[in-house]
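Below, chain A is the first sequence line, B the second, and so on; all start at residue 1. All figures in this text were calculated on a predicted structure; none of them were measured in a lab.
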2 protein chains.
Amino acid sequence: MRIMSFSHLSHLDCSRCAERYDADEIHNLCVCGSPLLARYDLGSVTVGPADISGRPPTLWRYHEVLPVRERVISMGEGMTPLLPLPALGREFGVPGLLMKDDGLFPTGSFKARGAAVGVSRAAELGVRAFAMPSNGNASAAWTAYGARAGMRSVVAMPESAPLINRTESAITGSQLYLVRGHIGDCGQMIGALIARSNGELFDASTLKEPYRIEGKKTMGYEIVEQLGWRSPDVIVYPTGGGVGLIGIYKALREMRELGWLTGPLPRLVAVQAGGCAPIVAAFEAGATESTAWPNPKTVAFGITVPKPLGDFLILEALYATNGTAIAVDDTDTLATQALCARLEGTFICPEGAATLAAVRRLRDSGWIKETEEVVVLNTGSGLKYPAEVDVPTLDPGDRLG
Amino acid sequence: MRIMSFSHLSHLDCSRCAERYDADEIHNLCVCGSPLLARYDLGSVTVGPADISGRPPTLWRYHEVLPVRERVISMGEGMTPLLPLPALGREFGVPGLLMKDDGLFPTGSFKARGAAVGVSRAAELGVRAFAMPSNGNASAAWTAYGARAGMRSVVAMPESAPLINRTESAITGSQLYLVRGHIGDCGQMIGALIARSNGELFDASTLKEPYRIEGKKTMGYEIVEQLGWRSPDVIVYPTGGGVGLIGIYKALREMRELGWLTGPLPRLVAVQAGGCAPIVAAFEAGATESTAWPNPKTVAFGITVPKPLGDFLILEALYATNGTAIAVDDTDTLATQALCARLEGTFICPEGAATLAAVRRLRDSGWIKETEEVVVLNTGSGLKYPAEVDVPTLDPGDRLG
């Protein structure tokens with residue numbers, strides 16, 4: 001009889017050339033330069049939906065299909081709300097509109113999914129220090145979980161990143177640098193630092209380590225579980241590096257193989273900003289890779305990625321699910337953020353608002369049907385984006401109204 | 001046979017003079033000027049811990065002992081993590097240190113507990129508009145849930161409140177005023193506005209409406225459930241208006257009456273700031289009410305309440321549980337906030353950090369024993385407090401480290 005294991009991780013596969021790697025050694029990219037993906041012995045997983053439903057409400061409820069074997073570094077993350085948006089749904093003509101609210105996380109964004117799993121796995125493989133470039137939310141999450149694991153960290157962040165992201169990384173004791181440039185510039189500087197470190201610093205850059213995607217894929221598991229172990233018709237995702245979208249697609253296929261999900265896959269939609277839309281350009285050209293976007297710029301700062309390393313995996317997921325890619329302008333994004341707060345009471349991040357703006361346009365064009373169930377991903381809390389608002393200021397005793 | 005009801009609410013009691021009110025009418029304070037408390041027909045509750053454990057992870061899992069009869073306005077709030085703090089526990093000599101992390105809420109603070117329940121109940125009783133003074137987090141929560149319920153709101157907030165709280169209230173469409181004064185000044189102005197409104201505006205001020213405490217009390221239910229239906233030795237709470245502490249005490253007594261909890265009650269601790277400590281002063285004098293604190297001032301902005309309306313209820317809870325009250329200085333609070341982030345990875349609010357600073361002092365004095373299990377309440381996310389940090393800024397291509 002096979003002994004039940006906490007994780008059924010078996011090995012790592014190259015996402016492009018099919019080279020295979022030992023999962024219990026530290027790896028970054030494949031020798032061919034492509035991201036590695038974790039594979040599981042899914043046939044040996046004997047639990048099912050009924051077992052999982054009784055577990056604590058964190059993403060670790062899916063531990064059999066997560067890569068961490070024993071040392072879980074957790075701050076109670078996961079099982080975020082799948083929130084109906086009835087008023088906005090009426091406004092858009094999509095009554096079945098739902099939002100997966102990943103603002104409800106330690107560090108205020110969905111990056112905690114990747115960091116909780118990525119840091120836990122790195123820690124148990126013996127990593128003691130890491131470095132990474134970040135638009136802000138990723139470093140907030142990785143430095144937080146890194147601190148909890150007792151790891152040292154070095155981060156380079158564009159100086160235009162939200163102020164709170166600096167505070168978050170600095171307060172955990174991370175060694176933080178601001179760069180007068182974009183995340184690509186930060187990545188080059190971090191790469192050079194890691195090369196000089198003689199193996200002391202682990203490269204925790206997006207998709208250059210194999211495990212954050214495993215954390216991100218739990219978005220897919222949670223959505224399917226929260227819908228009663230079925231898919232919605234459409235999942236709409238704000239796409240920068242695209243790890244979440246790749247992860248959701250991976251989760252859907254794993255759940256099918258596990259027998260936890262039947263029926264057609266949802267159509268996946270990549271939403272980008274008009275000021276940085278390499279995936280949209282590639283999708284519209286029918287290409288399998290993207291071209292670097294010049295002078296990327298958008299208020300949806302987290303999706304300012306001029307050429308994602310996993311572009312071919314994002315595009316594969318869109319093509320395979322009959323999905324699409326769409327760009328949204330910043331003015332539309334900000335107006336939708338405010339509309340969502342007024343109608344639904346929830347203050348979401350610009351990246352999340354972009355997905356809602358996209359839903360309205362896809363409904364208007366007929367790509368989304370009125371009867372369809374649509375899940376958008378809100379990837380972070382609006383709390384990370386304080387804005388000066390014009391408010392009357394009075395003295396004590398003044399008359400209100 | 002009695003028909004099971006969603007809520008077992010029976011009536012409202014005055015917390016001081018024992019006058020009784022119909023719970024299905026709109027009420028604020030008792031005619032004697034004291035807060036009203038919701039009472040339930042606890043004897044008719046037939047569910048128990050085993051039934052509750054299978055329910056969705058929100059505070060509505062305790063719906064039998066919540067006042068909302070049918071119209072739940074929810075954003076998926078509650079069942080926040082009860083997080084072990086092993087590294088900080090070692091540092092303080094309290095290995096059984098746990099933190100209830102109420103930063104993981106819509107609107108980033110525990111005020112969402114009170115607002116979800118208070119707004120839901122107000123909505124089903126027919127309230128269409130409300131007004132309130134707030135130090136920031138309460139209005140962020142009430143205006144958010146109010147927007148979701150389709151209610152109009154008016155808020156007065158000290159201009160020294162954190163910037164994000166303005167953004168949060170304004171983006172939901174609330175009518176927001178800043179006041180060059182403290183929350184007491186705001187309260188007077190709101191009171192005058194409500195008096196002029198001919199009943200159009202409901203007074204949603206702390207403890208002037210009876211139901212936010214019912215939301216807050218779920219902190220107590222969750223802690224006890226998460227510990228396997230038993231109490232810790234000590235619960236440490238950052239005390240401004242003190243509604244959460246009053247609510248936890250109420251929850252503990254209800255659970256005992258329900259038979260869901262046996263054994264001694266935990267000792268309750270009220271933590272205040274050195275710059276605003278009316279409850280500590282009253283406790284040390286053995287008094288049953290507090291005296292207004294002159295010139296209140298602290299970085300723990302949420303607990304800047306010079307004379308809480310429920311002071312006598314807070315003091316009663318402390319005396320009845322052999323608890324205590326303690327003041328912490330701002331420098332200690334901020335140092336502990338940073339220490340917690342470095343050792344545990346979690347970025348908590350100053351109010352939450354004050355409770356940890358208090359634990360260290362109570363352990364040093366021997367009031368907390370090494371073997372005791374201690375739960376502190378973190379009432380909000382550090383994300384609401386961005387701070388300028390001193391970080392080196394480089395150009396693309398510069399050498400790191």
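- At a cut-off of 3.5 Å, with distance as the only test, a side-chain donor of A:Y145 or A:E77 sits close to an acceptor on the other residue.
- Contacts between A:A192 and chain B at a heavy-atom distance below 4.5 Å are absent for every atom of the residue.
- In terms of modelled atom types and a separation under 3.5 Å, the side chain of A:S174 and the main chain of A:L176 share no donor-acceptor contact.
- Only the side chain of B:F347 comes within contact range of chain A, with heavy atoms under 4.5 Å apart.
- The closest side-chain donor-acceptor pair between B:N165 and B:E168 falls under 3.5 angstrom.
- Chain A forms the most heavy-atom pairs under 4.5 Å with one residue out of B:G401, B:G108, B:A131, and that residue is B:G401.
- B:Q337 contributes no side-chain N or O that, together with a main-chain N or O of B:C349, makes up a donor-acceptor pair within less than 3.5 Å.
- Looking only at heavy-atom pairs under 4.5 Å with chain A, the residue among B:G76, B:P392, B:G173, B:A147 that has the most is B:P392.
- The CG atom of A:L97 lies 6.0 Å from the CG atom of A:L356; values are rounded to the nearest 0.5 Å.
- Of the two parts of A:S381, neither the backbone nor the side chain holds a non-hydrogen atom closer than 4.5 Å to a non-hydrogen atom of chain B.
- A:R55 places a side-chain N or O within donor-acceptor distance of the main-chain N or O of A:R61, the cut-off being under 3.5 Å.
- A:S197 places a side-chain N or O within donor-acceptor distance of the main-chain N or O of A:I194, the cut-off being under 3.5 Å.
- When the shell of 6.0 Å around CG of B:N295 is examined, it contains 12 or fewer heavy atoms from other residues, nucleotides or ligands.
- In terms of non-hydrogen atom pairs under 4.5 Å with chain A, the most contact-rich of B:H182, B:R196, B:Q175 is B:R196.
- Per-residue heavy-atom pair counts under 4.5 Å with chain B were compared for A:A170, A:P106, A:C340, and the maximum is reached by A:P106.
- In this structure, B:K384 contributes its side chain and B:T107 its backbone to a donor-acceptor pair below 3.5 Å.
- Contacts between A:P57 and chain B at a heavy-atom distance below 4.5 Å involve the side chain alone, from C-beta outward.
- Both the backbone and the side chain of B:D398 come within contact range of chain A, each with at least one heavy atom under 4.5 Å from a heavy atom of that chain.
- In terms of non-hydrogen atom pairs under 4.5 Å with chain B, the most contact-rich of A:M189, A:Q188, A:R166 is A:M189.
- Highest contact tally toward chain B, considering only A:L339, A:I73, A:L104, A:V389, is held by A:L104 [criterion: heavy-atom pairs under 4.5 Å].
- For A:T58, no part lies near chain B; criterion is any non-hydrogen pair under 4.5 Å.
- A donor-acceptor contact shorter than 3.5 Å links the side chain of A:Q226 to the backbone of A:T80.
- If you measure heavy-atom distances from B:I190 to chain A, the contacts under 4.5 Å come from both the backbone and the side chain.
- Across A:T346, A:D390, A:V179, the residue that shares the most heavy-atom pairs under 4.5 angstrom with chain B is A:V179.
- Side chain of B:N198 to backbone of B:E200: no donor-acceptor contact under 3.5 angstrom is found.
- Neither the backbone nor the side chain of B:P56 has a heavy atom closer than 4.5 Å to any heavy atom of chain A.
- Residue B:P81 touches chain A through its side chain alone, counting heavy-atom pairs closer than 4.5 Å.
- When the candidates A:A338, A:G181, A:A387 are compared by the number of heavy-atom contacts under 4.5 Å with chain B, A:A387 comes out ahead.
- Considering only heavy-atom pairs separated by less than 4.5 Å from chain B, the leading option among A:L400, A:L83, A:D185, A:V391 is A:L400.
- The pair A:R113-A:E222 meets the salt-bridge criterion, since a charged nitrogen lies less than 4.0 angstrom from a carboxylate oxygen.
- Expressed to the nearest 0.5 Å, how far CG of A:L201 lies from CZ of A:F130 amounts to 10.0 Å.
- For A:E344, the parts lying near chain B are the backbone and the side chain together; criterion is any non-hydrogen pair under 4.5 Å.
- In this structure, no portion of B:A87 lies under 4.5 Å from any heavy atom of chain A.
- With a 4.5 Å cut-off on non-hydrogen atoms, A:L193 touches chain B through its side chain but not through its backbone.
- Proximity to chain A is limited to the backbone of B:S74, based on heavy atoms less than 4.5 angstrom apart.
- Using a 4.5 Å cut-off between non-hydrogen atoms, the part of residues 150-163 of chain B that approaches chain A consists of B:A156, B:E159, B:L163.
- Between chain A and the residues B:L394, B:I164, B:D395, the largest count of heavy-atom pairs under 4.5 Å involves B:L394.
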